[in-house]
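Step one of this worksheet: look at the structure below.
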Amino acid sequence: MSLRITVLGRGAWGGTLLRLWERQGHRLNSWSRRDGGDPATVLKDCDLVVVAVSMVGVAPLARQLQDDWPTDLPLLSCSKGIDLDTLCTASQLWRRHLPDVPLAVLSGPNLADELERGLPAASVLSSQDAGLARHLQEQLRAPHFRLYTNADPIGTEAAGALKNVIALAAGISDGLGLGANAKASLLCRGLAEIAVVLQALGGQPSTLYGLAGLGDLLATANSSLSRNYRFGTLLAEGCDEATALARIGATVEGTRTARATLALAEREGWQLPICGQVVRLLAGRVTARQAVQELMQRDLKAEAAP
Ligand SMILES: NC(=O)C1=CN([C@@H]2O[C@H](COP(=O)(O)OP(=O)(O)OC[C@H]3O[C@@H](n4cnc5c(N)ncnc54)[C@H](OP(=O)(O)O)[C@@H]3O)[C@@H](O)[C@H]2O)C=CC1
Ligand SMILES: O=C(CO)COP(=O)(O)O
């Protein structure tokens, strides 16, 4: 069965998904901010809306569409991050504006360039509506895009958001030439910080070790295709945030997510030392080397403590 799919956001990820599903025989339509006009016009006559805009675009888009969204039209959210104004994930933002629509999340180790080249990848379709997750799994899979399901959208999104902060830190570590021991230690301690957020937001611990958690962390923290990783290497070279962002020239979700997560941590009393040092570095309060030194000189802890 072919679906009529509308993609909102034709950046790197939206464009890749659009071409992938078009090749699978689905009928695609799209809207992107650069097109101008009213995005509500593309909600008509479709079976699924896939949202692949940057996190910063989710809240305005949700506000714009809330009065025109048909209640039974499913939404698949692909944005990875924590919104700086509301401290919400993308699906939490969509839920505020569209409380009743069928909702699912797509997240996993999915560097757009690799999928575009036809290389194999897997991902997770997550929804509390098991029937919707299974339906989308069946419809949206492709020979080189294997889909799994889970019932933990918040855990899946928390993992997908936070891995960008740790991937950014991994870029700093590699950019400074700190070696394999430092990188492995950083990823392990980073995973512990992701666990704190994921569990506090109500996610399931098993999601941390799945495709959207450890899977995406490994892909993003080890590939120069990742914009967050590359951004980290630029910080290590001494670039400030604005210069590094200009050199990447595309979405780098880790910066706003780091700030939003730290705000959550301060409100809730969580310990997130790596995330904290990333924010201090972005604010120009420490150099990359000082941030590493401060992490190494923290009070000694049991491994289970963050
Ligand atoms: N690239 C990847 O490998 C993957 C990315 N993702 C996630 O997908 C999301 C999009 O990333 P990606 O496509 O790579 O980023 P790009 O920078 O390539 O594109 C950003 C997209 O967001 C849109 N956008 C930005 N701000 C707004 C706004 N205020 N209102 C409406 N639309 C806006 C842009 O519209 P326009 O260009 O028309 O102005 C464009 O469609 C991110 O959350 C990212 O983490 C998830 C998996 C893989
Ligand atoms: O989320 C991604 C891969 O899964 C894309 O990572 P970047 O946004 O760092 O390029």
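First listed ligand is number 1; within each ligand, the first listed atom is number 1.
Classification of Glu294 and Arg285 as a salt-bridged pair fails, no side-chain N sitting under 4.0 Å from a carboxylate O. A salt bridge links Glu138 with Arg141: the closest approach of a Lys/Arg side-chain nitrogen to an acidic carboxylate oxygen falls below 4.0 angstrom. Residues Arg256 and Asp83 are not paired through a salt bridge, judged by the lack of any N-O separation under 4.0 Å between the basic side chain and the carboxylate. Checked for salt-bridge contact, Lys80 and Glu157 miss the test: no charged N lies under 4.0 Å from a carboxylate O.
Trp270 approaches Ala200 most closely through the heavy-atom pair CZ2-CB, 3.3 Å.
Remark: ligand 2 atoms within the under-4.0 Å shell around heavy atoms of Asn228 are 7 (P), 8 (O), 9 (O). Against a heavy-atom cut-off of under 4.0 Å, Thr220 is close to the following atoms of ligand 2: 6 (O), 9 (O). Close approach to Asn110 involves these atoms of ligand 2, each under 4.0 Å from a residue heavy atom: 3 (C), 4 (O). Here is the list of ligand 2 atoms found below 4.0 Å of a heavy atom in Ser226: 7 (P), 9 (O), 10 (O).
The shortest contact between atom 8 (O) of ligand 2 and any protein heavy atom is with Arg227 NH2, 2.9 Å.
When only interatomic distances are considered, the shortest N/O to N/O separation between Gly108 and ligand 2 falls below 3.5 Å. An N or O contact shorter than 3.5 Å links Asp216 to ligand 2 by distance. On a distance-only criterion, Lys163 and ligand 2 share at least one N/O pair closer than 3.5 Å.
The main-chain N or O of Ala104 is never found under 3.5 Å from a side-chain atom of Asp129 such that the two would form a donor-acceptor pair.
Of the candidates His26, Arg4, Gln139, Arg27, Arg4 is the only one forming a side chain to side chain donor-acceptor pair (under 3.5 Å) with Asp47.
At a heavy-atom cutoff of 4.0 Å, ligand 2 is contacted by the side chain of Lys80 but not by its backbone.
Closer than 4.0 angstrom to ligand 1 lie heavy atoms from Gly9, Arg10, Gly11, Ala12, Trp13, Ser32, Arg33, Arg34, Ala52, Val53, Ser54, Val56, Gly57, Cys78, Ser79, Lys80, Asn110, Leu111, Ala112, Arg227, Ala250, Thr251, Glu253.
Side-chain polar atoms of Tyr148 and Arg146 form a donor-acceptor pair below 3.5 angstrom. Checked by atom type, the side-chain pair Asn150/Ser126 shows a donor-acceptor distance below 3.5 Å. In this structure, a donor-acceptor pair under 3.5 Å is absent between the side chains of Ser226 and Thr220.
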